[in-house]
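Note on naming: letters A, B, ... go to the chains in the order of the sequence lines (proteins, then strands), and numbering restarts at 1 for each one. The analysis underlying the following values was restricted to heavy atoms, covering all of them including side chains, and did not include hydrogens, waters or symmetry mates. Remember, it's a predicted structure, so these values are computed and weren't measured experimentally.
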2 protein chains.
Amino acid sequence: MEALKNYFNKLFPLTEAAWQDFEQCLVKETVVKKDLILEEGQKCDFIAFVGEGICRFYYVKEGEEKITAFFFSGDFVTNYRSFLTGQPSEHYIECMQQSVIYKVFKKDLLQLYDQHQCIERLGRLIAENLYLTVARRLDSFLYATPEERYQELLQRNSKLLQEVPQYMLASYLGVKPETLSRIRARK
Amino acid sequence: MEALKNYFNKLFPLTEAAWQDFEQCLVKETVVKKDLILEEGQKCDFIAFVGEGICRFYYVKEGEEKITAFFFSGDFVTNYRSFLTGQPSEHYIECMQQSVIYKVFKKDLLQLYDQHQCIERLGRLIAENLYLTVARRLDSFLYATPEERYQELLQRNSKLLQEVPQYMLASYLGVKPETLSRIRARK
DNA sequence: CTTTTTCGTTGACTTCGATCAAGAAAACAA
DNA sequence: TTGTTTTCTTGATCGAAGTCAACGAAAAAG
């Protein structure tokens with residue numbers, strides 16, 4: 001899995017031995033459109049690297065899907081909270097397109113942490129990066145209006161805008177589809 | 001610093017040698033009420049353990065203080081984003097009471113990570129915990145109304161309720177003081 | 001291609017938090 | 001104590017997002 005190796009190398013290069021042990025633990029999965037790779041109530045016992053595809057991470061409140069995050073190729077997809085705490089997931093993860101993902105299971109990862117200090121470090125760096133991601137998202141809810149959040153999206157011209165239907169974008173921004181439509185009309 | 005050692009032991013016990021090296025790097029600071037331990041524009045080059053006291057972590061938007069977090073004795077206080085990325089802080093950290101904190105500086109911590117695998121692991125566990133903290137807070141903004149957020153606070157009967165003036169609570173909950181007053185009146 | 005379903009827009013109206021303003025209560029200082 | 005400042009409450013009004021409903025456009029299914 002070259003893409004993953006490159007990703008790691010940018011964060012912190014693994015030794016050859018560590019990478020080989022790590023690669024042993026990767027489980028490739030091909031997932032078809034609309035498949036759930038995690039359902040509510042399940043424990044999330046893996047972290048997966050997205051090779052290709054897009055996944056959405058959502059929560060159902062009062063029959064309505066609230067999208068918390070999207071994951072694209074090159075991201076790690078997991079319910080990290082459930083993964084860390086062992087509690088059942090309150091969220092679903094759905095692949096929106098045919099996708100290829102590479103899972104590492106928790107039990108394997110914990111062993112790898114013990115066996116290779118450089119993987120332990122990678123684990124720290126990944127946790128730190130995931131922290132930065134949620135922290136930024138929290139900020140945009142604490143300090144910005146829905147309109148400002150939409151403008152931010154426009155500016156960073158994220159894949160979201162091309163790849164994701166508008167009603168899902170609305171959910172991601174924390175508003176109703178009608179409201180996003182009106183925000184766009186305001187220009 | 002016994003409290004800190006206990007805290008670590010619950011997460012992951014350090015070896016005696018690691019703890020001794022770690023303790024060497026702790027810098028004790030006594031801070032008086034209203035002192036800023038971090039200002040906007042500064043790089044946050046430390047993580048501090050709060051021995052006693054309360055700190056507030058806030059951002060100023062259009063002349064208004066928006067409180068993102070509170071830190072109590074037993075917590076780590078830092079601008080973790082600035083600490084990790086090296087970017088200047090957009091937030092202030094103020095001690096609301098006379099406080100005692102124990103700083104570890106980034107340059108020292110990075111060395112400790114290299115020297116002791118158990119400290120590296122502790123670093124991962126702390127990053128994971130900080131992740132869980134923001135993620136929970138993000139959830140409460142994504143999925144709950146201000147009223148529900150206030151009810152949550154009431155239930156977990158946090159120190160916040162006793163120790164913090166209501167207008168700061170309001171800011172923390174993401175509403176104006178008038179609104180919190182009305183939420184309380186609704187019961 | 002036509003039919004059916006999903007998605008996006010628009011209008012009328014409601015709801016809830018923000019804003020502005022005034023006054024009461026509590027905390028603090030002289 | 002008294003006086004001053006800070007914090008909390010209450011009322012009136014405003015505004016942005018939600019809700020409900022209708023309709024046209026686009027996409028999917030046949």
Side-chain angles (χ1 to χ4, degrees), chain A residues 32-35 54 56 58-68 70 94-98 137-138 140-154 158-187, chain B residues 32-35 54 56 58-68 70 94-98 137-138 140-154 158-187:
Chain A
V32 304
K33 196 170 166 174
K34 298 220 171 182
D35 253 19
I54 305 181
R56 55 193 264 264
Y58 66 94
Y59 173 80
V60 178
K61 190 186 181 185
E62 290 149 22
E64 218 185 333
E65 298 181 357
K66 310 262 186 177
I67 299 177
T68 308
F70 294 97
E94 185 202 88
C95 289
M96 297 167 62
Q97 308 173 347
Q98 165 117 345
R137 189 150 158 74
L138 176 59
S140 85
F141 276 84
L142 289 176
Y143 309 136
T145 62
E147 171 142 21
E148 289 167 330
R149 275 193 297 270
Y150 177 69
Q151 298 299 341
E152 264 180 55
L153 259 195
L154 279 186
S158 129
K159 285 189 228 173
L160 287 179
L161 291 164
Q162 292 113 53
E163 308 271 5
V164 168
Q166 200 170 301
Y167 73 98
M168 287 191 187
L169 255 190
S171 172
Y172 179 73
L173 293 172
V175 296
K176 301 283 145 184
E178 296 94 322
T179 300
L180 179 54
S181 178
R182 290 189 173 106
I183 287 173
R184 284 157 50 83
R186 280 182 212 158
K187 64 141 188 343
Chain B
V32 304
K33 196 172 166 172
K34 299 219 170 182
D35 252 20
I54 305 182
R56 55 193 263 263
Y58 66 95
Y59 174 81
V60 178
K61 188 184 183 187
E62 290 149 23
E64 217 184 333
E65 298 181 357
K66 310 261 188 179
I67 298 176
T68 308
F70 293 97
E94 184 201 89
C95 289
M96 297 168 62
Q97 308 173 348
Q98 164 116 348
R137 190 152 157 73
L138 175 60
S140 83
F141 276 85
L142 289 176
Y143 309 136
T145 61
E147 171 143 19
E148 290 168 328
R149 255 174 271 144
Y150 176 69
Q151 297 300 341
E152 264 180 53
L153 258 195
L154 278 186
S158 127
K159 286 189 227 175
L160 288 178
L161 292 164
Q162 291 114 53
E163 308 271 4
V164 168
Q166 200 170 299
Y167 74 97
M168 288 191 186
L169 256 190
S171 172
Y172 179 74
L173 293 172
V175 296
K176 299 286 147 184
E178 297 93 322
T179 301
L180 179 54
S181 177
R182 290 188 172 106
I183 287 174
R184 285 158 47 84
R186 279 181 211 159
K187 66 142 185 340

Can you confirm if the NZ or CZ of A:R137 lies within 45° of the ring axis of B:F141 and under 6.0 Å from the centre of its six-membered ring?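 No; the conditions do not both hold, so A:R137 does not lie above the ring face of B:F141.
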Quick one: sort the A:Y172 and A:F70 rings into parallel, tilted or perpendicular, breaks at 30° and 60°. tilted
Using atom [atom1] of [X] as one end and atom [atom2] of [N] as the other, report the distance to the nearest whole Å.
X	N	atom1	atom2	value
A:R186	C:dG8	CZ	P	18 Å
B:L180	C:dG17	CG	P	11 Å
B:Q166	C:dA26	CD	P	12 Å
B:M96	D:dT6	CE	P	16 Å

Could you work out which one of [options] sits closest to the side chain of [X]?
X	options	result
B:P146	C:dG8, C:dG17, D:dA17	C:dG17
A:E178	C:dT10, D:dT9, C:dG8	C:dT10
B:K176	C:dT19, D:dT7, C:dC7	C:dT19

If you look at every strand shown and take non-hydrogen atoms under 4.0 Å, does B:R182 touch a base, only sugar-phosphate, or nothing? base
Which heavy atom of A:M96 sits nearest to which heavy atom of A:P165, and what is that distance?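 Result for this residue pair: CE-CD, 4.3 Å.
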Evaluate the criterion side-chain hydrogen bond (donor to acceptor under 3.5 Å, both in side chains) for residue pair B:R184 and B:Y150; output intermediate values, then yes/no. CA-CA 9 Å; B:R184 285 158 47 84; B:Y150 176 69; 3.2 Å; yes
